[in-house]
Each structure stands twice: as C-alpha cells, then as structure tokens.
Amino acid sequence: MRRALKEPITVEDFSGTWFLLQHVQWRLLQACKVMASSVCSKLASTPRDSLDNCSLTGRENQSVISDLEGGLLISRSSFAYFFLVAFEAGSVLRALCLLLVYPCACLSHHLFSEALGLQILIFVAVAGIKESTVQGSSRAVLIKFFLEDMHPQAYKVLIACGKRYVMTAIPRVIAEPFAKEYLGAEEVIGSELQVTSSGYCTGFVKGSCLQSGMQREKALYHVFGDRHPDIAVLDCCNNSSFMSSCKEAYVVPQSRRSVHPVPREQYLKPFVFHDGRLAVRPTPATALAVFLWGPIGLALALLRILVAISLPTIGLRLLVEAMLGISIRVKGRVPPPVKPGKMGVLFVCSHRTLLDPVFLSGAAKRRVPALTYSISPLSELLAPIKTVRLTRSRTQDSRAMISLLKQGDLAVCPEGTTCREPYLLRFSSLFAELADNIVPVAINCKIQIFHGSTARGWKAMDPFFFLMNPCPVYSLEFLDQLPAELSCVSGKSSYEVANYIQSQISQRLGFQCTNLTRKDKYRILAGNDGVAPEASVKPRRIISW
C-alpha cells in the first residue's frame with residue numbers, strides 16, 4: 001500500500017483495503033447498536049400504558065403534555081383545519097388549490113418525510129396571508145371544529161391536571177386560540193410560521209415542523225428545561241421519544257370509530273359564538289362534495305330568490321318554494337290581522353338568520369314589515385317585505401316602531417344579531433315599552449352545508465349562502481300573546497318583560513339564556529363593536545338592539 005502509484009496494483013492490495021472497509025463497517029454497526037440501546041433504555045424508563053388506566057385523582061398540582069393530533073383530537077389528519085384557514089382567511093380558489101395538492105402532500109408524507117407533506121399544506125394554506133388574519137380565523141372559525149373533535153378520555157386526563165401543555169405539528173398560531181381559551185393550556189408548543197416585517201406569512205416555518213421525536217424533545221427541553229412533565233398523552237401511532245422526558249406516558253386507544261366527542265356540557269366555558277360559512281367538517285371527501293355542489297347550490301339559490309320576489313301571492317310562493325326544497329314548519333296559533341285603526345301585533349322573534357322576518361311573513365300568510373339593525377343594500381333590494389333600518393337612537397327608533405304599529409303588524413328581533421348555537425342573547429327592552437299586543441315567536445332553522453350569517457365576511461351573501469343549502473328547514477312556533485298582567489301596562493318594567501319573553505322562547509327552543517349582546521359577539525369574532533365607522537361620527541346614543 002505504500003508503494004508508488006506507478007507500480008502495478010496486486011491482489012494483496014485489494015485484500016488489505018477490503019479488510020479495512022470491513023473493520024469500519026463493524027465499528028459503525030457497534031456504534032448504531034449502542035445508540036439504539038440507549039434510546040430503548042430511555043423509552044423503557046417511561047413505559048407506555050393505555051389511557052384507560054390513567055388515574056384522575058390527585059392530579060391538581062401535576063403537569064401534563066399532550067399531542068393535539070391523534071391525542072386530544074379524535075382525528076389524526078389536520079387537513080380540515082388547513083382547509084378552513086384557506087377557505088375563511090384566504091379564498092375559495094385557495095381552498096380548491098389546497099384540495100388539489102392534498103394527494104401530493106400525502107405521497108410526500110409516505111414516500112419522503114412527514115415534515116415535507118405538512119410543509120406543502122402549510123404553504124398553500126397561509127402563504128401571502130396576514131398572520132393576524134390567520135389568527136382571527138382560527139379564533140372565530142376553527143374552535144368549533146376543534147371542540148367537536150375532542151377525545152373524551154384524553155380531555156378528562158388533561159383537565160384533571162393543574163398545568164396543561166399542548167404539542168402539535170401544525171402552526172402554533174392556528175392551535176393556540178383553542179388550546180388556551182377552551183383547554184386552559186399554559187403554553188402551546190407548535191411550529192412557528194415565518195412572517196415578513198409587514199406581517200404576511202411566507203408559507204414556511206422557522207426551523208422545521210415538529211414531526212420527529214428528536215425535534216419534539218428539543219422543543220420540550222426549551223420549555224421545561226431540566227424539569228420533567230408528570231404525564232404525557234400520546235397518539236398510539238406516535239413513536240416519538242419525547243415521552244422519555246415525562247414521568248408517566250399514556251397512549252390513546254387506537255379504536256376511534258365508536259368514540260363520541262366531548263359533550264357540550266363538559267366544556268370549560270360555554271361555546272356561544274363562532275363564524276365561518278361551512279357548517280360541515282371539511283374532510284377531503286366532504287370538501288370535494290362542497291365544491292361539486294357549489295355551482296348547483298348557487299343556481300338553486302338564485303331560482304329561490306327569483307320565486308320569492310316575483311310570484312304575486314304568498315300561498316303560491318310557499319308552494320313553489322316547497323317544490324324547490326325549502327321546508328317551513330309552523331306550530332301554534334297564528335294571530336289574525338288586526339282591524340284598520342288599531343295597533344298591530346308586535347312579533348318578538350329569536351334571531352337565527354337574516355331571513356327570519358321573511359319566513360315569519362310566510363308562516364303568517366301576510367307581509368310583516370321588519371326592523372333591521374344592519375343589512376346590505378342588496379339584501380334590502382331583494383327583500384320581499386318592507387324593511388326599516390334602526391338608527392341606534394332610542395327616541396327615533398321608538399317613533400318609527402309606533403308609526404309602523406299604527407299601520408299594522410311588525411316583526412322585531414330584540415337580540416340584535418344572530419346566534420348559531422343553542423343560546424339566546426340578551427333581549428333589548430325597547431319593544432316592551434311601546435306595544436301591548438306582543439306575540440313571542442320561537443324561530444329555529446336547520447342547514448346542511450352553509451351558514452346563512454357572518455360577522456367577518458360579506459353580509460350581502462348571507463341570504464345566498466342560506467338558500468344554497470339543499471334542503472333548509474325553518475321552524476316557527478307562535479306562543480300565546482303576552483298577558484296584560486305581565487306587560488308594562490300592569491307596572492312591570494321593560495326589562496322584566498324582555499327577560500320573561502326571552503325565557504319563554506328559550507324554553508320552547510330548548511336554548512339557554514345569556515346576558516351577552518351584539519357587542520360581545522363582534523368583539524369576540526371580529527375585534528370590533530359591530531358598528532360601521534361612519535356611524536360613530538354622528539352624536540347618537542348607541543343601544544344594543
């Protein structure tokens with residue numbers, strides 16, 4: 001081997017080189033065995049156990065860290081959350097692109113690495129969108145779908161501990177509103193999005209996605225240091241080694257088909273407000289069905305609106321609308337029209353969508369004008385009934401209501417804004433001071449695909465999205481007229497009357513009464529008071545209608 005290169009190479013040279021390579025290979029194998037044994041010893045120091053065997057007593061002062069996907073959540077796939085961000089914070093086109101690249105992300109996940117597949121979804125979902133917009137849509141839209149996917153056993157273990165931490169591979173800004181507000185998490189350990197100086201997401205993450213066990217162990221050490229969490233809750237398919245830093249490790253059972261999500265009664269706080277257009281969880285198959293139905297639903301909505309504004313009689317209109325898939329279910333006794341010269345009936349309704357007064361007119365078989373707080377000019381133009389805008393001035397609104405009641409019936413929604421969940425917002429008391437002939441109406445609706453209300457989107461599309469549902473259902477129950485001894489005539493205050501009517505409607509609907517108002521809704525979902533900027537210029541007294 002030490003001979004000059006000019007001399008010919010012999011067989012002895014090859015044998016010596018082969019021996020050297022064999023020795024290096026043997027050394028590498030020994031090093032791998034040592035590393036594997038050390039890792040196995042670490043894993044063995046924290047044995048895994050089924051989550052069913054985790055005791056919940058005496059955990060108040062202990063800390064727990066849990067996987068989000070497949071741990072706290074029943075579903076292991078994060079596609080639905082990226083799709084919702086792309087659809088709500090981005091656009092329909094962005095959501096369609098995400099659906100089209102999803103097969104490529106799945107192939108990258110299985111053929112190359114899990115991090116590459118996740119990075120593709122992150123890039124398509126948030127690239128070019130402001131980080132504040134992503135965070136706002138996560139708080140307003142995604143929390144509902146997170147709550148409806150919580151694993152009951154993992155949730156009980158998490159809530160039993162005093163200090164809670166959540167680890168996820170999806171960006172932290174997406175999971176943090178849910179984890180901190182409805183799980184009481186101390187901190188959310190997730191991927192960090194790269195953001196430009198102007199606040200826009202580049203679509204990439206800082207460092208790498210928290211997919212491998214080594215990356216998760218580093219992130220865990222960055223948060224806890226030399227301290228060790230007491231409990232780790234893992235997905236059964238997760239072989240990450242970060243649980244070696246925990247004193248106890250529990251695995252969520254693999255069988256998930258028969259698992260029911262956490263019931264609403266067990267939430268840490270009531271879930272009242274949420275936004276977004278989609279009413280279904282957008283799995284890949286469901287998202288594809290939504291896009292296939294979209295053009296058909298839009299054509300159907302336009303046809304339904306054309307029927308509502310063109311046919312001359314309400315009876316014929318209801319018949320044709322029923323043939324087009326709209327169902328109206330009426331209970332109770334509908335009060336007859338009052339005679340000319342007398343004060344009309346004031347229908348006090350619960351508020352589910354912008355179309356409540358329209359369906360009320362159909363159920364009453366006569367056109368009932370409606371007071372509105374804030375609707376778009378397009379909705380006013382297409383409305384088959386008379387609409388009167390409120391000015392948020394108590395004096396002017398009182399005069400307008402009295403004038404309309406002298407002309408006939410009137411419909412009002414004292415909540416002032418819609419609520420999708422089984423709750424009633426606080427009723428404004430102004431209506432109780434102006435009318436004695438009050439008839440409460442319990443209104444509810446059922447939809448299949450799209451929500452017909454929004455706090456952050458384009459309100460002009462509210463009627464279209466509701467009518468794009470295949471078979472929307474409206475239920476109206478007319479309650480008995482408010483007795484005179486319970487009205488303001490007998491000395492009752494307007495607040496007592498409003499609260500009484502709210503309780504009567506809530507009992508019929510099976511809803512819960514709250515003290516939340518329109519301002520509370522818009523502050524939670526949109527970060528404002530729900531008042532147009534130009535309206536604040538005029539010196540008017542703001543009331544919560």
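As a basis for the values below, the full set of heavy atoms in this structure was taken, side chains included, without hydrogen atoms, waters or symmetry mates.
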Is a salt bridge present between E148 and K144, judged by a nitrogen-to-oxygen distance below 4.0 Å?
yes

Specify whether Y474 and F359 have parallel, tilted or perpendicular ring planes, treating 30° as the upper limit for parallel and 60° as the lower limit for perpendicular.
parallel

Checking W293 side chain against M468 main chain: does a donor-acceptor pair fall under 3.5 Å?
yes

Distance-only check: which donor-acceptor pairs under 3.5 Å involve side-chain atoms of residues 327-339, not counting sequence neighbours?
none

S137 side chain to V85 backbone, donor-acceptor under 3.5 Å:
no

Nearest 0.5 angstrom please: Q266 CD to M150 CE, how far?
8.5 Å

Residues R139, E181: salt bridge by 4.0 Å N-O rule
yes

Taking the six-membered ring for Trp, are F146 and F178 parallel (under 30°), tilted (30 to 60°) or perpendicular (over 60°)?
parallel

So the salt bridge (charged side-chain N to carboxylate O under 4.0 Å, His left out) pairs with at least one residue in residues 371-380 (sequence neighbours excluded) are E380-R389

Taking atom CZ as the centre, does F291 end up with more than 12 heavy-atom neighbours from other residues, nucleotides or ligands that are less than 6.0 angstrom away?
yes

Side chain of T417, backbone of R518: donor and acceptor closer than 3.5 Å?
no

If the plane angle is over 60° it's perpendicular, under 30° parallel, otherwise tilted; pick one for F87 and F83.
parallel

Determine whether the aromatic ring centres of residues H151 and H260 are separated by less than 6.0 angstrom.
no

Validation: residues 401-411 side-chain donor-acceptor distances under 3.5 Å, sequence neighbours left out:
{"from": "D409", "atom 1": "OD1", "to": "V345", "atom 2": "N", "distance (Å)": "2.9"}
{"from": "D409", "atom 1": "OD2", "to": "R366", "atom 2": "NE", "distance (Å)": "2.6"}
{"from": "D409", "atom 1": "OD2", "to": "R366", "atom 2": "NH2", "distance (Å)": "3.0"}

Determine yes or no for a side-chain-to-main-chain donor-acceptor pair under 3.5 angstrom, with D356 supplying the side chain and R352 the backbone.
yes

Short side-chain to backbone donor-acceptor contact, D520 and T517, under 3.5 Å
yes

Search all heavy atoms of V259 against all heavy atoms of P152 and return the closest pair with its distance.
CG1-CD, 3.5 Å

Would you call the rings of F271 and Y267 parallel, tilted or perpendicular, where under 30° means parallel and over 60° means perpendicular?
perpendicular

Considering non-hydrogen atoms only, spot the tightest contact between A175 and V188 and give its length.
CB-CG1, 4.4 Å

Could you grab the distance from atom CZ of R426 to atom CD of Q502, nearest 0.5 Å is fine?
9.5 Å

Do you see a donor-acceptor pair shorter than 3.5 Å between the side chains of K521 and T418?
yes

Do R508 and E477 meet the salt-bridge criterion of a basic N to acidic O distance under 4.0 Å?
yes

